[in-house]
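Notes for the one structure printed next.
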2 protein chains.
Amino acid sequence: MNGKNNPEWHRNFRQRGMRITEPRKAILEVLNNTTEHLSAEEIYMSVHRTYPNVGLTTVYRNLELLEEMGIIAKFHFGDGRSRYELIHSPQKPGHHHHLICTGCKQIIDYDDFVEEEIELLTKVEQALSAAHNFQITGHTIQFYGICHACRGNL
Amino acid sequence: MNGKNNPEWHRNFRQRGMRITEPRKAILEVLNNTTEHLSAEEIYMSVHRTYPNVGLTTVYRNLELLEEMGIIAKFHFGDGRSRYELIHSPQKPGHHHHLICTGCKQIIDYDDFVEEEIELLTKVEQALSAAHNFQITGHTIQFYGICHACRGNL
DNA sequence: TCCTTAATGAAAATGATTTTCATTAACAAT
DNA sequence: ATTGTTAATGAAAATCATTTTCATTAAGGA
């Protein structure tokens, strides 16, 4: 968690009159230490190991909150549940562009042409902003396909 | 439905031993005649007007089927339900790149820089194919933001 | 230490989607 | 055209992720 015992998100929370609680610390701890794209249930199970009394409801509530605050992003990969990622993750900084196998559901954070993608996306973002009078807050790029292993199982 | 009374999808279906049924005709009819991004329930309601005895279950089953066949695409726009689009729609041919207002949930099929996007996407697709040994079947590009009207309501 | 109220946990409710199963109807063979 | 096989259907029940309710707890300012 950044090595500091009073991280910057504390300030962020307190400003909004929100309290620093064990469940919140635990949830952010889990998200900070994973490279995966965890679902609410998975985050809950992970948190549960250290804080067995934290409930699934609380996990859902805080994930929603963290998303509204712009701290995490919520993704849909087609497996019927939402998955969450820290927007500025120490584990995988930068973009969140995904390659998903529709067979085994594995999710790959790819790096190919990301520079160019970002460049174009920025341009598109500006165009959309202007043309449709939107204030853009985020984007999603996903490629779907079948991985080598799954192709073997056909 | 294409002006022909024996459309090409009939052949497509029969080849797989699948039958041409009223519900299937009705569902494709609805998808063919909309520019919207309909949910299963919305498709069901639309079908229901003409064929009141077609059930919601059947709509779900056939949407899944049509997706597997590569005839329609399933999207998630963050409102908790899946939405479907004909991949080759007579109403909006070409791409399916979306701009979504997180306030009012409106979905815009935008046209800005789509040429360039497709060009880059094709390049990325090839790179991913090679680098990760994937057979790419589709992609998703979405921008999220707040539209002008919704910004007023804050 | 006390007080206010944000936050929590457990259980119930909700809502989209899937499964079950008995019935119907496509369509190939007759 | 009639029949037989079985894919497809519809209704109801089941499932599963997520949300709501509500009584209780605890963060943090006074």
Side-chain angles (χ1 to χ4, degrees), chain A residues 5-7 9-28 37-69 71-72 74-84 105, chain B residues 5-7 9-28 37-69 71-72 74-84 105:
Chain A
N5 45 4
N6 194 6
W9 65 266
H10 282 207
R11 189 170 129 278
N12 206 328
F13 269 57
R14 295 310 290 107
Q15 280 180 336
R16 309 189 185 210
M18 291 168 43
R19 297 170 179 178
I20 311 302
T21 65
E22 286 304 321
R24 284 175 181 168
K25 284 192 264 187
I27 291 167
L28 281 170
H37 312 75
L38 301 176
S39 66
E41 179 108 36
E42 286 165 349
I43 293 166
Y44 162 71
M45 291 190 300
S46 186
V47 164
H48 195 265
R49 274 180 231 120
T50 319
Y51 302 89
N53 42 344
V54 171
L56 179 56
T57 306
T58 297
V59 172
Y60 271 108
R61 267 191 295 238
N62 282 304
L63 289 173
E64 187 185 356
L65 201 62
L66 291 167
E67 193 199 357
E68 281 168 10
M69 294 175 71
I71 293 174
I72 65 176
K74 186 181 189 175
F75 291 95
H76 298 271
F77 297 121
D79 64 348
R81 71 202 63 193
S82 300
R83 294 181 176 278
Y84 303 84
K105 313 293 184 193
Chain B
N5 44 5
N6 193 8
W9 65 268
H10 282 206
R11 188 170 130 278
N12 207 328
F13 269 57
R14 296 309 291 110
Q15 281 180 335
R16 311 189 184 210
M18 291 167 44
R19 298 169 179 178
I20 312 301
T21 65
E22 287 303 322
R24 284 176 181 167
K25 284 191 264 188
I27 290 167
L28 282 169
H37 312 77
L38 301 175
S39 66
E41 179 107 36
E42 285 165 350
I43 293 166
Y44 163 71
M45 291 191 300
S46 186
V47 164
H48 194 264
R49 274 180 233 120
T50 320
Y51 301 90
N53 43 342
V54 171
L56 179 56
T57 307
T58 297
V59 172
Y60 271 108
R61 268 190 295 239
N62 282 304
L63 289 173
E64 186 185 357
L65 200 62
L66 291 167
E67 193 199 356
E68 282 167 11
M69 295 175 71
I71 293 173
I72 65 175
K74 186 181 188 175
F75 292 95
H76 298 271
F77 296 121
D79 63 347
R81 71 202 64 190
S82 300
R83 294 182 174 278
Y84 303 84
K105 313 293 185 195

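Sequence lines set the chain letters: A, B, ... in the order given, protein chains first and strands last, and positions in each chain run from 1.
Interatomic distance, A:I71 CD1 to A:L65 CG, rounded to the nearest 0.5 Å: 8.0 Å. To the nearest 0.5 Å, the span separating NZ on B:K25 from CH2 on B:W9 amounts to 7.0 Å. Between the OH atom of A:Y60 and the CD1 atom of A:I43 there is a distance of 9.5 Å, given to the nearest 0.5 Å.
In this model, a side-chain donor or acceptor of A:R19 finds a partner on the base of C:dA6 within 3.5 Å. Residue A:T57 places a side-chain atom within donor-acceptor reach of the base of C:dA11, judged by atom type and a 3.5 Å distance cut-off alone. Within 3.5 Å, no donor on the side chain of A:R14 pairs with an acceptor on the base of D:dG29, nor the reverse.
Distances from the side chain of A:I20 to the nucleotides D:dG28, D:dT9, C:dT17 place D:dG28 closest. Distances were taken from every side-chain heavy atom of B:V54 (C-beta onward) to each of D:dT9, C:dG9, D:dG10; the shortest belongs to D:dG10. Nearest nucleotide to the side chain of A:S82, out of C:dG9, C:dC27, D:dT18: D:dT18. Residue B:E41 has its side chain nearest to C:dA16 when only C:dG9, C:dA16, D:dT9 are considered. Across D:dA27, C:dG9, D:dT9, the shortest atom-to-atom separation from the side chain of A:T58 is found for C:dG9.
Between the side chain of B:R24 and the backbone N or O of B:N62, no donor-acceptor pair lies under 3.5 Å.
Across the protein-nucleic acid pair, A:L56 atom CG and C:dG9 atom P stand 11 Å apart, rounded to whole Å. Atom CD of A:E22 and atom C1' of D:dT25 are 13 Å apart (whole Å). Computed from coordinates, the A:Y44 OH to C:dT8 P distance equals 14 Å when rounded to whole Å. Atom P of nucleotide D:dA17 and atom CZ of A:R61 are separated by 19 Å, given to the nearest angstrom. A straight line from OH of B:Y60 to P of D:dG10 spans 15 Å, rounded to a whole angstrom. Between A:R24 atom CZ and C:dA7 atom P there is a gap of 4 Å when expressed in whole angstrom units. One atom, NE2 of B:H76, and another, P of C:dG15, lie 20 Å apart when rounded to the nearest Å. When rounded to the nearest whole Å, the span between NE2 of B:H10 and P of C:dC27 equals 9 Å.
Between A:T21 and C:dT8 there is a side-chain N or O to OP1 or OP2 distance below 4.0 Å. For B:N53, no side-chain nitrogen or oxygen approaches OP1 or OP2 of D:dA11 to under 4.0 Å.
Aromatic rings of A:F77 and A:H37 (six-membered ring for Trp) have centroids within the 6.0 Å cut-off, being under it.
Take the nearest nucleotide of DNA chain D for B:P52 and for B:M18: the residue whose nucleotide is more 5' is B:M18.
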